[in-house]
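All figures in this text were calculated on a predicted structure; none of them were measured in a lab. Whatever order the structure lists them in is the order used to number ligands and atoms, beginning at 1.
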Amino acid sequence: MSPIVDVMTLNDPLVRASGPVRAILDKAMAGVEISQSEGACLFAAQGPDLPAIYYVADQLRQRANGDQVSFVVNRNINFTNVCYMGCRFCGFAKRSDEAGAEWLELEQIVARAQEAWDRGGTEVCIQGGLHPKMDGTYYFDIVRALKAALPEMHIHAFSPFEIWYGASKTKMSYRDFLTELKEAGLDTIPGTAAEILDTEIRQQLTKNKLSTERWVEIIRASHEVGIPTTATIMYGHIDGPEHWAAHIALLRDIQKDTGGFTELVPLSFVHTESPLYTNNPDKVRPGPTDDEVDKMHAVSRIMLAGHIDNIQASWTKLGPERVQQLLKRGVNDLGGTLMNESISRSAGADHGQELTAFELVQMIRAAGRIPVQRRTNYSVLDVYDDHDPVPLAPLVERKANQAPLDFLDMFPAQPTSMEAAQ
Ligand SMILES: C[S@@+](CC[C@H](N)C(=O)[O-])C[C@H]1O[C@@H](n2cnc3c(N)ncnc32)[C@H](O)[C@@H]1O
Ligand SMILES: Nc1c(NC[C@H](O)[C@H](O)[C@H](O)CO)[nH]c(=O)[nH]c1=O
Ligand SMILES: N[C@@H](Cc1ccc(O)cc1)C(=O)O
Ligand code: SF4
């Protein structure tokens, strides 16, 4: 062997992986599906196996998505935080008589959506608590009011837990409830309330109020009536590699039947103000470790290859620097501008309420990729190869010490070819 070949071989991260991990990764590189137990082996991997896993995730990302990294210009509207379901991880829910309890009337919801539209938004992402005094028909009213005012705005709304609640309150089947929502104008559903799809873990997180079986039933019904959904996993608390592999394998099985998932969004557990952690700091982990965050995105990419080819990183949970690093771990999407993020912040996250399209574009370019503004269904609206989005003033005042702007100063935008020509 010539010395040059030796050097190349040593630099190949696959060569340094242990035998079992190498065999799984070779399979994945050859386009062969890996099993749930092989996924668990990758999730449990350590040391020199990690660069090999990241290398394969990055290769599969490149095959599926090329150099493009997408985002959506959207606004979160959390129309109420009043909720009595008592999920232990949740810092967002309040009792109706508690300070900070909120309820938005239809006109306020429409006004926020209108403001988002005027700032270039194409999607509203609507979720709320399960307010005990709310009629199940309010979900229909929200969608109808929005469609009447803004027929072109994409409505991404109501988690499977909210669908369960609306269907129970109106005494409708999931299918009928979802069909009526679709007819009213609902476009897609957030696949939240998944947490960890495991009976024992859910018992501890949520007292199993929405069981794994029920979550799957509602997601399947949604896909069957023609409403696509996202898929999520909330990890880094009382869970581990076996749960993650089973969860991702279950999502993959559903996708093989329905094709209804648009993307996977791993949600790292935000612990600082989450009662799950603050009440049991000895038994609950303070969110995932750095390696676990990397592995979650990379192994999801590998297990879901060819089935769910959009892996989104959540800047509101992780911050802009971290999601930028994850673009090398299988991630091809940075989610939304959000405009008003409150769920992660109520659990203690400190990454602000909004990233503008301009900021997302600078972040993606600084990572050496091509920024793409997408619609919710991943069709392309604009490719920022030779121009910038209009830099908007942030809707919400930023805190002086907030990360995104400082961070962007470290990566001054390159002049675009249009600017250079002027
Ligand atoms: C707050 S709920 C709102 C919608 C609805 N009430 C529900 O539970 O489905 C939306 C999602 O936020 C996520 N979430 C809540 N608290 C969190 C935390 N401390 N860390 C990370 N994600 C969290 C969970 O995945 C949850 O399903
Ligand atoms: N990851 C989080 C999101 N992501 C949702 C996206 O913004 C968007 O609605 C989706 O990509 C549609 O395709 N939203 C949050 O509020 N919090 C997150 O952590
Ligand atoms: N990412 C979810 C929405 C979401 C909202 C709030 C969160 O805290 C987490 C996730 C989706 O669009 O499907
Ligand atoms: S996660 Fe949703 S259902 Fe559970 S307590 Fe929080 S707002 Fe309520």
When you look at Thr289 and Asp291, which way does the side chain to side chain donor-acceptor pair (under 3.5 Å) test go after all the steps? CA-CA 5 Å; Thr289 64; Asp291 280 351; 5.6 Å; no

What I want to check is whether the side chains of Asn310 and Arg374 have a donor and an acceptor closer together than 3.5 Å. no

Take atom 6 (Fe) of ligand 4 and tell me which protein N, O or S atoms are nearer than 2.8 Å. Cys90 SG

Closest protein heavy atom (residue, atom, distance) for atom 17 (N) of ligand 2: Thr316 CG2, 3.6 Å

Pairwise distance CZ(Arg252) to CG(Leu264) - rounded to 0.5 angstrom: 12.5 Å

Angle class for the His247/Trp215 ring planes (parallel below 30°, perpendicular above 60°, tilted otherwise)? tilted

Answer yes or no: does an N/O atom from Asn76 fall short of 3.5 Å to an N/O atom of ligand 2? yes

Going by distance alone, is a donor N or O of one side chain under 3.5 Å from an acceptor N or O of the other, for Asp58 and Gln62? no

Closest to atom 19 (O) of ligand 2 by heavy-atom distance, out of Ala157, Ser314, Ser268, is Ser314

Note, Leu42 side chain near Leu25 side chain (heavy atom, < 4.5 Å): yes

Apply side chain to side chain donor-acceptor pair (under 3.5 Å) to Arg202 and Thr206, showing your working. CA-CA 5 Å; Arg202 290 180 89 72; Thr206 66; 4.8 Å; no

Would you list the atom pairs, donor with acceptor, under 3.5 Å between side chains in residues 135-143 and any protein atom, with sequence neighbours excluded?
{"unit_1": "Tyr138", "atom_1": "OH", "unit_2": "Leu104", "atom_2": "O", "d": "2.9"}
{"unit_1": "Tyr138", "atom_1": "OH", "unit_2": "Leu106", "atom_2": "N", "d": "3.3"}

Rounded at 0.5 Å granularity, tell me how far CG in Asp67 sits from CG in Asp385. 12.0 Å

I want to know if ligand 2 touches Glu263 in the polar sense, i.e. an N/O pair below 3.5 angstrom. yes

Under 3.5 Å: N/O of Cys125 near N/O of ligand 2: no

Value for OG (Ser268) from CE (Met234), rounded to nearest 0.5 Å, stands at 10.0 Å

Note: ligand 4 atoms sitting under 4.0 Å from heavy atoms of Phe161 are 3 (S)

Going by the order shown, which atoms of ligand 2 are within less than 4.0 Å of some heavy atom of Thr376? 12 (C), 13 (O)

Is ligand 2 less than 4.0 angstrom away from at least one heavy atom of Thr262? no

Going from CG on Asn74 to CE on Met339, what distance comes out if it is rounded to the nearest 0.5 angstrom? 7.0 Å

From the list Val72, Thr122, Val380, Thr337, side-chain contact (heavy atoms from CB on, under 4.5 Å) partner of Gln373 resolves to Thr122

Non-hydrogen protein atom less than 4.0 angstrom from atom 6 (Fe) of ligand 4: yes

Donor-acceptor contacts, no H, no angles, side chain residues 91-99, under 3.5 Å, sequence neighbours left out:
{"unit_1": "Ser96", "atom_1": "OG", "unit_2": "Tyr84", "atom_2": "OH", "d": "3.2"}
{"unit_1": "Glu98", "atom_1": "OE1", "unit_2": "Arg95", "atom_2": "N", "d": "2.8"}

Among protein heavy atoms, which lies nearest atom 12 (C) of ligand 2, and at what distance? Glu123 OE1, 3.3 Å

Decide whether Thr192 and Gln127 meet the rule of one side-chain donor and one side-chain acceptor closer than 3.5 Å. yes

Please state whether Gln127 comes within less than 4.0 angstrom of ligand 2, counting heavy atoms only. no

Quick one: does Ile254's side chain get under 4.5 Å of His223's, heavy atoms only? yes

Can you measure from CD (Glu162) to CD1 (Ile218) and round to the nearest 0.5 angstrom? 11.0 Å

Kindly confirm or rule out an N or O of Arg374 lying under 3.5 angstrom from an N or O of ligand 2. yes

Does Arg375 approach ligand 2 within less than 4.0 angstrom via side chain, backbone, both or neither, non-hydrogen atoms only? neither

Between Val361 and Tyr384, which heavy-atom pair has the shortest distance, and what is it? CG2-CD1, 3.6 Å

Which N or O atoms of ligand 1 sit under 3.5 Å from a protein N or O, and how far apart is each pair?
{"unit_1": "ligand 1", "atom_1": "6 (N)", "unit_2": "Gly128", "atom_2": "O", "d": "2.9"}
{"unit_1": "ligand 1", "atom_1": "9 (O)", "unit_2": "Ser159", "atom_2": "OG", "d": "2.6"}
{"unit_1": "ligand 1", "atom_1": "19 (N)", "unit_2": "Phe89", "atom_2": "O", "d": "3.1"}
{"unit_1": "ligand 1", "atom_1": "19 (N)", "unit_2": "Val270", "atom_2": "O", "d": "3.0"}
{"unit_1": "ligand 1", "atom_1": "20 (N)", "unit_2": "Val270", "atom_2": "N", "d": "2.9"}
{"unit_1": "ligand 1", "atom_1": "25 (O)", "unit_2": "Glu195", "atom_2": "OE1", "d": "2.7"}
{"unit_1": "ligand 1", "atom_1": "27 (O)", "unit_2": "Ala193", "atom_2": "N", "d": "2.9"}
{"unit_1": "ligand 1", "atom_1": "27 (O)", "unit_2": "Glu195", "atom_2": "OE2", "d": "2.6"}

Please identify which atoms of ligand 2 are closer than 4.0 Å to at least one heavy atom of His156. 9 (O), 12 (C)

For Val265, is the nearest heavy atom under 4.0 Å from an atom of ligand 2? yes

What part of Asn74 sits under 4.0 Å from ligand 2 if we count only heavy atoms: the side chain, the backbone, both or neither? side chain

Honestly, for Leu338 the part within reach of ligand 2 (heavy atoms, under 4.0 Å) is side chain

Where the closest heavy atom to atom 6 (C) of ligand 2 is concerned, which of Gln312, Glu341, Gln353, Lys317 has it? Gln312

Donor-acceptor contact below 3.5 Å, side chain Arg301 vs main chain Gln59: no

Could you check whether any side-chain heavy atom of Pro371 comes within less than 4.5 Å of a side-chain heavy atom of Leu360, counting everything from C-beta outward? no

Hey, which atoms in ligand 2 end up nearer than 4.0 Å to a heavy atom of Gly336? 6 (C), 7 (O)

